[in-house]
Amino acid sequence: MKTSARTGKIRKILRARYSDVRTQLDYENPFELLVSTILSAQCTDKQVNIVTKALFKKLKTPYDFANAPAEIVEQLIRPTGYFRNKAKNIINCSKAIIEKFNGEVPASLEELTGLPGVGRKTANVVLGAAFGIPGIVVDTHVARIAQRLDFSDNKDPVKIEFDLMEIIPKKEWNDFCLHLIYFGREICKSRKPLCPDCPVTKLCDYKDKSFA
DNA sequence: CTCCCGATAT
DNA sequence: ATATCAGGAG
């Protein structure tokens, strides 16, 4: 099971293949990153970036969002899906940031997850990219690949997060998750994983034999 | 567990 | 037609 040597080999291969990883979300400041990450739920980063380009021209600060009518925000973010929930969360989130944190995005996991619409995944993305604070980001790709590569037996994202925290050095938490995400988009895809092209296939027991 | 939900790939 | 995309709340 989680042999440390095998984990090290996989980390090294992915690190070499995906050098210089970074979030694909476009943002100018921590608040924009927070909004973009909320919008990224069940949506591609590409689609989020299309929407936020126009969105952030009209609404920039927590004060702008807190005072904006829900219908306006809904229309601006509609193409990302879940637009009613997301609009409500972003507006309430903005109000909370103003009231509790003087208009500044807080830089701790506890404070971030206390905001409406912000779970551990979103919080860890913001902590890592905006504040340089290490965190394991368990999104759909990380959860899927953690199981395929046998990094975790759990299906619960929070348990996967803690399993990975034990296996991966803290300094590499953020980059490691980004490596898995890049890897998940390119090779270890949910639907049709490209096992024949996979750089870590020899270290992996998961084999998808249904590729066309 | 269900609900939220549009855009794109297969 | 169905599955999936940097999930979170009730």
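So you know, we letter chains A, B, ... as the sequences are listed, proteins then strands, and number each from 1.
Each of A:Gly117 and A:Ile181 has a nearest nucleotide on DNA chain C; the 5'-most of these lies closest to A:Ile181. Take the nearest nucleotide of DNA chain C for A:Lys46 and for A:Leu115: the residue whose nucleotide is more 5' is A:Lys46.
Of all nucleotides listed (C:dT4, C:dA6, C:dG7), C:dT4 comes nearest to the side chain of A:Ser190.
Residue-level contact check: A:Val118 touches the backbone only, with heavy atoms under 4.0 Å from sugar-phosphate atoms and none from bases. Across all strands, A:Thr23 comes closer than 4.0 Å to base atoms (heavy-atom distances). Backbone-only contact: A:Ser40 has heavy atoms under 4.0 Å from sugar-phosphate atoms and none from a base. Heavy atoms of A:Ile38 sit nowhere under 4.0 angstrom from any nucleic acid atom.
Remark: P of C:dG10 and CG of A:Asn89 are 8 Å apart, rounded to the nearest angstrom. For A:Glu161 and C:dG7, the CD to P distance is 14 Å, given to the nearest whole Å. In this entry the distance linking NE2 of A:His141 with C1' of C:dA3 reads 13 Å, nearest Å. In this entry the distance linking CG of A:Leu112 with P of C:dG8 reads 11 Å, nearest Å. Here C:dC5 presents its P atom at 18 Å from CG of A:Leu39, a figure rounded to the nearest Å. Rounded to an integer number of Å, the gap from A:His179 NE2 to C:dA6 P is 17 Å.
Between A:Arg185 and C:dA6 there is a side-chain N or O to OP1 or OP2 distance below 4.0 Å. At least one side-chain nitrogen or oxygen of A:Thr140 sits closer than 4.0 Å to the OP1 or OP2 atom of C:dC5.
Rounded to whole Å, the C1' atom of C:dC5 lies 12 Å from the corresponding atom of B:dC5. When the P atom is compared between B:dA7 and C:dG8, the two are found 22 Å apart, to the nearest whole Å. Taking atom P on both nucleotides, C:dA1 is separated from B:dC4 by 22 Å, rounded to a whole Å.
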Going through the checks in order, is the side chain to side chain donor-acceptor pair (under 3.5 Å) test met by A:Thr44 and A:Gln47?
CA-CA 5 Å; A:Thr44 60; A:Gln47 188 67 27; 5.1 Å; no
Show the numbers, then the answer: is there a side-chain contact (heavy atoms from CB on, under 4.5 Å) between A:Leu164 and A:Phe176?
CA-CA 10 Å; A:Leu164 291 178; A:Phe176 174 74; 4.2 Å; yes
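Taking a 6.0 Å sphere around CG of A:Asp205, one finds it holds 12 or fewer heavy atoms contributed by other residues, nucleotides or ligands. More than 12 heavy-atom neighbours from other residues, nucleotides or ligands sit within 6.0 angstrom of CD on A:Glu172.
To the nearest 0.5 Å, atom CG of residue A:Asn67 and atom CD1 of residue A:Ile72 are 13.0 Å apart.
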Quick one, give me the B/S/- string for nucleotides 4-10 of chain B, reading 5' to 3', where B means a protein heavy atom under 4.0 Å from the base and S means that only happens at the primed atoms, P, OP1 or OP2.
BBBS-BB
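Under the side chain to side chain contact (heavy atoms under 4.5 Å, CB included) test applied with A:Pro106, the options A:Val126, A:Leu112, A:Leu34 reduce to a single match, A:Leu112.
The backbone N or O of A:Leu55 sits nowhere less than 3.5 Å from a side-chain atom of A:Thr52 that would complete a donor-acceptor pair.
A salt bridge is defined here as a Lys NZ or Arg NE, NH1 or NH2 lying under 4.0 Å from an Asp or Glu carboxylate O, and A:Asp45 with A:Arg185 meets this definition.
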